[in-house]
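Presented below is the structure to which this report refers.
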Protein chains: 2
Amino acid sequence: MSAEHWLPAHVRAAGIERTLKAGQSLFRMGDVPPGLFEVMKGKVRLVRMDASGRETVLYTAAPGSMVSEASLFAPAYHCNALASTAAVVRLYPKALLLAEFERDQRVGQAFMRMLAREIMNLRTRLELFNIHSARARVRHYLALHAGADGRTVILSGSVKDLASELGLSHEALYRTLAAMQRGGEIVRQKNRITFRPSV
Amino acid sequence: MSAEHWLPAHVRAAGIERTLKAGQSLFRMGDVPPGLFEVMKGKVRLVRMDASGRETVLYTAAPGSMVSEASLFAPAYHCNALASTAAVVRLYPKALLLAEFERDQRVGQAFMRMLAREIMNLRTRLELFNIHSARARVRHYLALHAGADGRTVILSGSVKDLASELGLSHEALYRTLAAMQRGGEIVRQKNRITFRPSV
DNA sequence: CGGCGTTTTGAGAGAGCTCAACATCGGTGG
DNA sequence: CCACCGATGTTGAGCTCTCTCAAAACGCCG
């Protein structure tokens with residue numbers, strides 16, 4: 001959900017900035033969505049809690065990414081947004097955006113494209129979560145997040161964060177990474193993983 | 001993704017119908033999307049295959065539902081569509097739709113709303129797949145698909161179909177349903193499940 | 001009636017989860 | 001400068017739960 005400058009300057013300028021401390025809540029399930037948030041600094045994650053208190057990470061927004069696109073048309077949020085790190089977000093009010101969509105067709109269409117891309121991301125994630133083997137999940141993730149060379153992934157957070165993004169316990173992930181390294185499938189540096197694609 | 005008559009009559013009239021036999025493919029990953037499909041009769045499922053041949057059901061479209069909304073802006077399909085039963089679909093060509101979005105703001109906005117709803121559905125599904133216990137998954141599904149009375153779910157296919165929609169092996173699902181019935185949590189009739197919500 | 005797919009139950013094994021202990025690292029304050 | 005402390009990183013061991021392979025009853029349709 002990258003902004004990629006599809007939003008006209010005058011709308012961006014009208015954004016209302018807000019600063020969040022690590023762990024602070026941006027919005028909660030049930031709140032009325034005021035508009036669209038763009039993450040300027042830090043990271044914000046969308047999560048849901050199930051009955052047992054388990055947290056499902058629905059999405060992690062990095063600088064340039066949007067949050068709550070889907071809720072722009074909904075009467076209430078259906079998940080919680082929490083700052084994973086200290087963060088700055090910018091709010092674009094709903095009415096302003098809808099007016100802009102009407103004024104300039106291209107903006108509205110860019111927004112559709114963004115929604116469509118998010119749908120595809122979510123489907124890919126769904127596929128990931130349907131994989132039971134931890135090793136296969138890691139492979140799937142690595143293949144999908146490889147950099148330009150096709151065999152390097154930069155971790156943007158702790159391994160623990162990665163674990164919750166993969167829907168694995170952090171212990172299982174540590175073990176899997178260790179085993180893959182022993183087997184020569186991956187090499188780990190500070191916050192970088194190099195791997196052999198499609199062995 | 002229900003159509004709900006948001007599409008103007010003259011666009012609907014321009015749709016191209018196509019008949020599919022059970023198991024027949026509507027489109028495959030990599031194909032160029034010609035437009036939007038509406039399911040008129042039967043059921044069509046979106047699936048992806050992972051490396052091991054396991055099939056992940058991304059979405060099941062019933063009559064009135066749209067397929068390939070997200071791919072309207074993509075150069076190629078990112079998943080496969082298969083007829084689960086004998087089915088009839090109607091194709092709305094991409095160019096026609098985009099022109100209509102420009103002509104009438106409300107149609108474009110209705111489409112955005114549809115995309116947004118699909119995002120929320122997918123997030124709910126993601127949450128479902130993050131639940132490991134079969135029983136909790138079934139509870140989650142039942143709570144979400146309860147009818148007006150809040151405690152009855154009509155199964156629209158076989159239990160086996162339900163199993164793949166829940167991401168469970170069919171054996172696990174049968175066992176779980178049997179156990180829940182023994183425990184008095186649910187009552188099963190022909191193709192209907194009645195349950196006690198939030199016990 | 002025969003065949004095929006769904007439904008059901010059994011048994012075993014593998015894999016991830018949980019609880020637990022310990023190492024490591026960075027930041028804080030004395 | 002060093003001790004402390006909390007969070008991350010790492011490894012161990014046992015347990016539970018689903019998956020897989022198997023087999024049999026059931027129901028529907030030609």
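Computation of the quantities below employed the complete heavy-atom set of this structure, encompassing side-chain atoms and omitting hydrogens, waters and symmetry-equivalent molecules. Each chain gets a letter, A, B and so on, in the order the sequences are listed, and its residues count up from 1.
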Any side-chain heavy atom of A:Val89 within less than 4.5 Å of one from A:Val44?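 Yes; the side chains approach each other to less than 4.5 Å.
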Separation of [X] atom [atom1] from [N] atom [atom2], in whole Å?
X	N	atom1	atom2	value
B:Leu177	C:dT7	CG	C1'	11 Å
B:Leu155	C:dT6	CG	C1'	13 Å
B:Ile131	C:dC17	CD1	P	14 Å
B:Lys160	D:dG27	NZ	P	17 Å
A:Asn191	D:dT8	CG	P	16 Å
B:Arg188	C:dT6	CZ	P	15 Å

Could you tell me whether the side chains of B:Arg151 and B:Thr194 share a donor-acceptor contact shorter than 3.5 Å?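 No, because no side-chain N or O of B:Arg151 sits under 3.5 Å from a partner of the opposite role on B:Thr194.
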Does a side chain donor of either B:Thr124 or B:Asn121 reach within less than 3.5 Å of an acceptor in the other side chain?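 The answer is no; no qualifying pair exists.
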Which of residues 168-175 of chain A sit near DNA chain D, with a heavy atom under 4.0 Å from it?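 Going residue by residue through residues 168-175 of chain A, the ones with a heavy atom under 4.0 Å of DNA chain D turn out to be A:His170, A:Glu171, A:Tyr174, A:Arg175.
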Are the side chain of B:Gln24 and the backbone N or O of B:Lys21 linked by a donor-acceptor pair below 3.5 Å?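 Yes.
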Verify, without hydrogens or angle tests, whether A:His145 (side chain) and A:Tyr141 (backbone) share a donor-acceptor contact under 3.5 angstrom.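 Flag set: sc A:His145 to bb A:Tyr141 pair under 3.5 Å.
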So is B:Arg137 actually on top of B:Phe129's ring, under 6.0 Å and inside 45° of the axis?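 Yes, a cation-pi geometry.
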